[in-house]
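For reference, the structure is listed below as C-alpha cells.
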Amino acid sequence: MFSALPEPKADAIIALIQAFAEDPRDSKVDLGVGVYKDDAGKTPVMRAVKEAERRLLAAQDSKSYTKLTGNPDFVAGMQRLALGKVSDRLTGAQAPGGTGALRVLFELTMRANPDARFWYSAPSWPNHQAMLANMKVPHQSYPYFDAETLGVDFDAMIATLDGLDANDVVILHGCCHNPTGANLTQAQWERVTQSALDNGWMPLVDFAYQGLGDGLEEDAQGVRYMASKMPRMMVATSCSKNFGLYRDRAGCAIVQCESAAEVPLVTATLSSVNRLLYSFAPDHPAAVVAEILTDPELRADWEAELAEMRDRINGLRTGLAEALRQETNSNRFDFIAEHRGMFSRLGATPEQVAAMREGGIYMVGDSRMNIAGLTTDKLRDFARAAAAAGV
Ligand code: HCI
C-alpha cells in the first residue's frame, strides 16, 4: 500500500538545510533557512530563555495536561505583544509555532466560511501556498514584489485587493516580508485596511518576525493600525525568531471578533481545531515566553538581547550594501540596506545562485538570502563571490 504513495514535494528551504549539512567544507556559508546567527555563526539560546527555563525546572510540579487553548498568560502576552492590547473582542490559542498558528487559523476560517478563498503575496513564504494546497482550499496570489524596483508594487497589489469580497482572506506579512524584505509603509497599511473595510475581505496577518525589523513596537504599527479599524481579523504569531525558540515550537493564533458575543464560539472552535489536529500544543516554550513577558527583569533583558540581534542584522545590511557597492562599482544593491528583516533577494539568476553554491555560499534558489547568516568578516568575500558570479 505504501508503495503507492506519491513522491512528496520537497520544501526548498528545508532541502537546503540538508544540502548545507552534507557539504564538508569549513568555509561554507549558510544563508538558507531563516534562523538568526551571531557573529560567531552560532544560534544562541537567549539569556532570558535560559533563565526562564531554570525557573520553570525548579518550580514545575506537574506535567498534567493544560488547556486546549494553551497557557492563558502566554496567549494574553502574545496579544499584548502583537496588538498592544487585550480586549473582550480578542481570543486566541497557543499553537506549535507560527506554522501551527497559521494552520489553526486556516481551519477556523474554513469552518466559518466553507466558500473562503485565500490570497498570499507573490512571492511569499512557500509554505503558505503548500499548506493551502494540502488542505485543498482555494488559494491564489496577489501581486506584491516588483523585481525591477525591488520594492512593493503597491498599485498592482491594491488593484487586486480592491477587487476582493467577503469570501476572501488575505495573508499579509506583518513585517519583515519573507522572502523579499520589502515592506508596506504605514500609509500603505492604512490603504490596505481601507480596502478590507470597503470590500469586506478578512486580513490574516502572518507575524513571524516582530522585533527583527525596526523594533517590537515599530514592527507592529501597521498590524495595530489595522486591528484598530477592522471588525474582524486574524494574526498568526511565532516565537521562533524573536525568542529563538525554533525547535520548541511556540506560536499563537489570535482572533479579533466583531463583538465580545462572538468570542465564546470562536474560542470553542479554536479548542476543537487544536484537539483534532494535535490535542495540546507544547507547554514548555509557551511557559518560558509567559515567564519572560510577565517578569519585568526578564522582559527587559529579552528586549535588550533582541535589540542586539536586530542591530546586528541591520548593521550587516548596511555593510553588505557597502561591500557590494565597492565590488560591483554600482549602487544597485543599496536596497539591501533599506529592506528590513532576515531576508532580501539578491536578484541573482538560478544559474548565479548555483555558481555561488559551488563556491560554498548557500542561498534559496530564488536568491533569497538570510542576512543574519553572514558575519562581518565575510561581507567582502560574499560581495566578491556575487560579483564573480555576474550578479
Ligand atoms: C524560513 O526560512 O522561511 C523560515 C523557517 C522555515 C522554513 C521552512 C519551513 C519552516 C520554517
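We count ligands from 1, going down the list as the structure has it; atoms in each ligand are counted the same way. Just so it is clear, the model here is predicted, and its values are computed rather than measured.
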For Val35, which part has a heavy atom under 4.0 Å from ligand 1: side chain, backbone, both, or neither? neither
Is the closest basic N to carboxylate O distance between Arg232 and Glu262 below 4.0 Å? yes
Heavy-atom contacts under 4.0 Å between Asn127 and ligand 1: side chain, backbone, both, or neither? neither
Output yes when Arg55 and Glu51 qualify as a salt bridge under the 4.0 Å nitrogen-oxygen rule, no when they do not. yes
Would you check if there is a donor-acceptor pair between the side chains of Tyr65 and Asp283 at a distance under 3.5 Å? no
If we ignore hydrogens and angles and just use 3.5 Å, is the side chain of Asn199 paired with the main-chain N or O of Asp165 as donor and acceptor? no
At under 4.0 Å between heavy atoms, which part of Tyr209 makes contact with ligand 1: side chain, backbone, both or neither? side chain
Pair Ser64, Ser62 - check side chain to side chain donor-acceptor pair (under 3.5 Å), show working. CA-CA 5 Å; Ser64 178; Ser62 176; 4.6 Å; no
Less than 3.5 Å between some nitrogen or oxygen of Trp125 and one of ligand 1, yes or no? yes
Quick check on Met342 - does any of its heavy atoms sit under 4.0 Å from an atom of ligand 1? no
Consider ligand 1: state whether an atom of it lies below 4.0 angstrom from any non-hydrogen atom of Thr99. no
Could you tell me which atoms of ligand 1, counted from 1 in the order shown, lie closer than 4.0 angstrom to a heavy atom of Ile13? 2 (O), 3 (O), 7 (C)
